[in-house]
Amino acid sequence: MKGNNNKNLEELIVNYTENIDKAIENINQINALYQDLDGRIKKCIQKFGVVRYRAFDDVGSDLSFSIALLDDKNDGVVITGLFGRSECTTFAKPIENGISKYDLSDEEKQALDIAMK
């Protein structure tokens, strides 16, 4: 039997089957790549919250800050910078599941709440 353009019908079916097998292999590779990327993205910083405030009465403007940086599972860090007239201090506190094992200031809690919303 002759098929399209005088090609053998069996040959056409074999070629289409090979193309389908190649497409399925490509889909499986793309799916594996997607799963890998999805896992990586969930560990990236996806949420953040920033609070600026005046930590000391003798310093003008809101120069101190607290910033929360969280991933998909609310794991990450809260970083606080306190600006004073004679010094500047920076703190970092780890966050796991939205909770820190260290005491958080009101501003740090506020930054964490903003990030989790």
Side-chain angles (χ1 to χ4, degrees):
M1 295 179 62
K2 296 291 182 181
N4 196 3
N5 297 331
N6 295 328
K7 290 185 179 178
N8 185 316
L9 189 56
E10 182 180 0
E11 184 181 325
L12 287 173
I13 293 172
V14 168
N15 285 339
Y16 285 132
T17 303
E18 288 174 357
N19 287 340
I20 290 171
D21 290 341
K22 288 178 186 176
I24 290 171
E25 185 178 327
N26 285 340
I27 288 171
N28 289 337
Q29 290 174 353
I30 291 169
N31 191 32
L33 179 61
Y34 167 77
Q35 294 298 326
D36 179 54
L37 290 174
D38 189 48
R40 289 183 190 194
I41 287 173
K42 288 181 179 180
K43 295 177 185 176
C44 293
I45 294 171
Q46 297 185 14
K47 307 170 190 176
F48 67 94
V50 178
V51 176
R52 289 181 51 130
Y53 54 96
R54 188 171 67 171
F56 305 105
D57 291 333
D58 64 339
V59 176
S61 192
D62 296 338
L63 299 176
S64 297
F65 67 91
S66 291
I67 181 169
L69 305 169
L70 304 174
D71 68 5
D72 188 55
K73 296 190 299 187
N74 290 330
D75 294 340
V77 64
V78 173
I79 300 171
T80 297
L82 299 176
F83 181 81
R85 284 225 182 258
S86 60
E87 65 182 327
C88 182
T89 306
T90 306
F91 303 95
K93 298 176 183 176
I95 304 295
E96 292 181 20
N97 295 319
I99 301 170
S100 177
K101 63 182 177 181
Y102 299 97
D103 291 333
L104 298 177
S105 69
D106 290 339
E107 294 82 7
E108 290 169 330
K109 289 176 187 174
Q110 185 180 359
L112 187 59
D113 287 341
I114 291 169
M116 290 194 300
K117 291 180 182 174

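Residue-environment remark: CZ (F56) exceeds the threshold of 12 foreign heavy atoms within 6.0 Å. Atom CG of D103 sits in a sparse spot, with 12 or fewer heavy atoms from other residues, nucleotides or ligands closer than 6.0 Å.
Taking each heavy atom of K47 and N74 in turn, the nearest pair found is NZ-OD1, 2.8 Å. Listed here is the closest heavy atom pair of S64 and F83: OG-N, 2.9 Å. Considering all non-hydrogen atoms of both residues, A115 and A68 come closest at CB-CB, 3.9 Å. Here the shortest heavy-atom pairing between I114 and G49 reads CG2-CA, 3.7 Å.
Note: I20 CD1 to I13 CD1 = 10.5 Å, rounded to the nearest 0.5 Å. Note that CG of N97 is 7.5 Å distant from NZ of K73, once rounded to the nearest 0.5 Å. From I24, atom CD1 reaches atom CG of N31 across 13.0 Å, with rounding to the nearest 0.5 Å. To the nearest 0.5 angstrom, Q29 atom CD is 11.0 Å from I27 atom CD1. Once rounded to the nearest 0.5 Å, the distance linking CD of Q46 with CD1 of I41 reads 7.5 Å. Atom CG of L63 is separated from atom CZ of R54 by 10.0 Å, given to the nearest 0.5 angstrom.
Counting Ile, Leu, Val, Met, Phe, Trp and Tyr side chains that sit under 4.5 Å apart, directly or through other members, M116 shares a hydrophobic cluster with L70, V78, I95, L104, L112.
In this structure, D38 pairs ionically with K42, as a charged nitrogen and a carboxylate oxygen lie closer than 4.0 Å. Between D36 and R40 there is a salt bridge, with a side-chain nitrogen of the basic residue lying less than 4.0 Å from a carboxylate oxygen of the acidic one.
Residues passing the side chain to side chain donor-acceptor pair (under 3.5 Å) test with T80 are S66, E108, sequence neighbours excluded.
There is a path of hydrophobic side-chain contacts, each under 4.5 Å, that joins I45 to I79. Linking Ile, Leu, Val, Met, Phe, Trp and Tyr residues whenever their side-chain heavy atoms come within less than 4.5 Å leaves I99 and F91 in two separate clusters.
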